[in-house]
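Chain A is the first sequence line, chain B the second, and so forth, proteins listed ahead of strands; every chain is numbered from 1.
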2 protein chains.
Amino acid sequence: MNLKTLAQELGLSPTTVSRALNGYPEVSEATRARVTAAANAAHYHPNTQAKRLATGRAMAIGHIIPISGRHEIVNPVFADFIAGAGEVYARAGYDMVLTIVPDEDEARAYGELRSKGNVDGVLIHAPRVNDHRITMLQSLGLPYVLHGRISGIESSYSWVDVNNVRAFERATHFLLDLGHQRIALINGIGDMDFARRRRRGYELALAARALAPDPLLIAEGEMTEAQGHDQARAMLALPNPPTAFLTASLLSAMGARRAVEEAGLVMGRDVSILTHDDELGYLKNGTDQQPIFTATRSSVREAGRRCAAMLIDQIASGEHTPRSDLMEAVLVVGDSTGPAPER
Amino acid sequence: MNLKTLAQELGLSPTTVSRALNGYPEVSEATRARVTAAANAAHYHPNTQAKRLATGRAMAIGHIIPISGRHEIVNPVFADFIAGAGEVYARAGYDMVLTIVPDEDEARAYGELRSKGNVDGVLIHAPRVNDHRITMLQSLGLPYVLHGRISGIESSYSWVDVNNVRAFERATHFLLDLGHQRIALINGIGDMDFARRRRRGYELALAARALAPDPLLIAEGEMTEAQGHDQARAMLALPNPPTAFLTASLLSAMGARRAVEEAGLVMGRDVSILTHDDELGYLKNGTDQQPIFTATRSSVREAGRRCAAMLIDQIASGEHTPRSDLMEAVLVVGDSTGPAPER
DNA sequence: TCTGGGGTCCAAAGCGCTTTGGATCTATGG
DNA sequence: CCATAGATCCAAAGCGCTTTGGACCCCAGA
């Protein structure tokens, strides 16, 4: 079933049918009703490719996911982000097209996406410090929105991000207020921009109390359960061990908790743990009423929604002036933190 | 830059340029070389929409992800599966288009995907027992491949699946051989097909030793850390507690371990834990040399690759005779299992 | 010398839609 | 009664590509 045959069945021209279905005013309400009724009855949907070719708009948003050969990890946050963005796309009639590329081909992938014209814009994930993708995107003239920001780039761009500095600053103050002096930071990979910001928040809070960060209490790496466990165990074995841990993800926190318990200590009494929580669908921090960990919480799914909405709006309006959306994390208090033990 | 202007610059017709780039024989090797050189220099890539319209092939595969309002969980396995499939798509020149829909709209989504013609086939995730999607897909005439199978459907279809029955049967035998008699099963959601099969494997092994399954030792639910923890804790509090746990995912196993340790027991000595491991990128079961949990292991990412390859092959060949690919899980032995304690 | 078959290339017709530039008809006001 | 504006519809061009059906040239074989 295509436009032409539908038009023939109705005794109308394709022009009129097209206009009726697309809401143009040059068609009487009577015939519009006839047309929509017939279209529904025939389960007619305009062919996507033809529509795209004719209008020049792809009605699709691209996400490029680089797969690196070195550490082949699929970001656990990714699925939830995608789900959030996808909801918005679906409502707005956009498709989401994912491209998986070996990371050495990432630049080429953006270029091809552009010249093949199969997306109207792209969403950029997991920016690193001094990320080169922005300059590339800008030279391509393809609309984009970042999930995160890029320290060290002066040109402006559109982004949605959590206030990582503030979140970790508050979290650190929270622990300091409980009397902790030796606070460890188990962070994400060092050149990820969000990790850099979280560290800055941590250091700001320490500095506010005239405390110097101890390099032995700062670890970086992929945010897995094993990383949390191994780093925490090593730190607990130090001559002067930490009394509190600040971790970058729930998985790391779970690993840290395991290390604490293995050491015969009790979480919340002997050692406190405070983590960031992305509110992943499959990794809940207990319930709202009773969180397991004290945490700075911010929904990555909501971030996906906001990114998508911003990008679509930008594409639809044709306005490419950079926008931004800074989300604040909330601090939820669970049983994993308590006063620093007497020394 | 489009075909026409490229052809003009070369002093050739669009026909010839198109044929040169697409490898048709009716063009001399000399001009083919000229054309490809010019195309590369100009970073020319044929417009996707135009190509699709002309050829009638969308060069895209659809994945429909239903989001249910009830339990809004994004399957943690999903990201890795997608990554595997995406690798294959990228190599074959296919796009991957994801559609997120509220699950009451899922049927409509498939129909629209078909009539709008923006995919050549679909991949079906997470089939449930008596899943209705297959009959729908078959009536639509859209090529598809299932990740998993559907008990209770007699018509044949294409699928890629792990031998869940065998895996859990072996796992149960492994525990039985260690002397365990009270083995608990912490399974996935009951009407998911894979969960049904795993349970069958578990029950087959028990039956082979003339043991009746104890309903108190069988739990179902979403495979989260909290679920594993809560179920295991409840079971350990039974008058006649289990000495071993069989869990359906690494997250559940981590939860079970926590419950075991909270009870003052030692994993691998007092209580054994054996889990299925999907080899997720962000949730490793220790290292290959030293796994944390004894586990039945099967890469979901590899399953994604195989699904994608099968579907693409099916589309390209035009053959819709059902195929299947049964993957066997391997049993890796870690420190989480040991002989049943003396009673 | 003539014929026919490769080897190369091209003109033009789609693919299914949107959109421009009318055409036709009816009501309205002077 | 006529000119005009508005309402309603349509023919045809065009989006950028593929593909069919030749056209043309050159050379081998009769």
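In this structure, the side chains of A:Asp161 and A:Met327 stay at 4.5 Å or more apart for every pair of heavy atoms. Side-chain contact between A:Thr99 and A:Leu113 is present, with heavy atoms from C-beta onward closer than 4.5 Å. At least one side-chain heavy atom of B:Val122 sits less than 4.5 Å from a side-chain heavy atom of B:Ile124. Considering only heavy atoms from C-beta on, B:Val97 stays 4.5 Å or farther from B:Asn118 through its side chain.
Within the 3.5 Å criterion, the main-chain N or O of B:Leu10 finds a donor-acceptor partner in the side chain of B:Arg34. Between the side chain of B:Asp191 and the backbone N or O of B:Val129 there is no donor-acceptor pair closer than 3.5 Å. Panel note: side chain A:Asn22, backbone A:Ser18; a donor-acceptor pair is recorded below 3.5 Å. No donor-acceptor pair under 3.5 Å is formed between the side chain of A:Asp131 and the backbone N or O of A:Ile134. Remark: the backbone N or O of B:Met1 is not paired with any side-chain donor or acceptor of B:Thr5 at under 3.5 angstrom. Between the B:Asp80 side chain and the B:Leu280 main chain, no donor and acceptor come within less than 3.5 Å of each other. At distances below 3.5 Å, at least one donor-acceptor pair connects side-chain atoms of B:Asn47 with backbone N or O atoms of B:Ala50. In this structure, the side chain of B:Gln49 engages the main chain of A:Gly117 through a donor-acceptor pair within 3.5 Å.
Within residues 10-22 of chain B, the residues that have a heavy atom under 4.0 Å from DNA chain D are, in order of number, B:Thr15, B:Ser18, B:Arg19, B:Asn22. Within a heavy-atom distance below 4.0 Å of DNA chain C, the residues of residues 26-34 of chain B found are B:Glu26, B:Val27, B:Ser28, B:Thr31. In the region residues 40-48 of chain A, proximity to DNA chain D at under 4.0 angstrom, judged on heavy atoms, holds for none of the residues. Annotation: proximity of residues 52-61 of chain B to DNA chain D (heavy atom, distance under 4.0 Å) is found for B:Ala54, B:Thr55, numbered in ascending order.
Pairs passing the salt bridge (Lys or Arg N to Asp or Glu O under 4.0 Å) check and including a residue from residues 49-66 of chain A, sequence neighbours excluded, read A:Arg52-A:Asp95. Among residues at least two apart or in separate chains, there is no ring-ring contact (aromatic ring centres under 6.0 Å, His included) pair with a member in residues 18-49 of chain A.
Remark: A:Glu279 does not engage A:Arg301 in a salt bridge, criterion side-chain N to carboxylate O under 4.0 Å.
Bounding nucleotides for the chain A contact on DNA chain C, 5' to 3', at a heavy-atom distance below 4.0 Å, are C:dG16 to C:dG21.
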Between the protein and nucleotides 23-25 of chain D, which nitrogen or oxygen pairs come in under 3.5 angstrom?
none

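Partners of A:His63 according to the ring pair (Phe, Tyr, Trp, His ring centres under 6.0 Å) rule, which considers only residues two or more places apart in sequence or in another chain, are A:Tyr89, A:His125. Applying the side chain to side chain donor-acceptor pair (under 3.5 Å) criterion to B:Ser158, with sequence neighbours excluded, gives B:Gln314. By the side chain to side chain donor-acceptor pair (under 3.5 Å) test, A:Gln8 is found to be paired with no residue, residues two or more places apart in sequence or in another chain being considered.
Rotation axes derived from the C1' atoms of the five outermost pairs at either end of the helix from C:dT1-D:dA30 to C:dG30-D:dC1 lie 60° apart, to the nearest 10°.
No hydrogens or angles considered: a donor-acceptor pair under 3.5 Å links the side chains of B:Tyr144 and B:Gln138.
A:Asp325 pairs in a salt bridge (charged side-chain N to carboxylate O under 4.0 Å, His left out) with only one of the listed residues (A:Arg306, A:Arg305, A:Arg149), which is A:Arg306.
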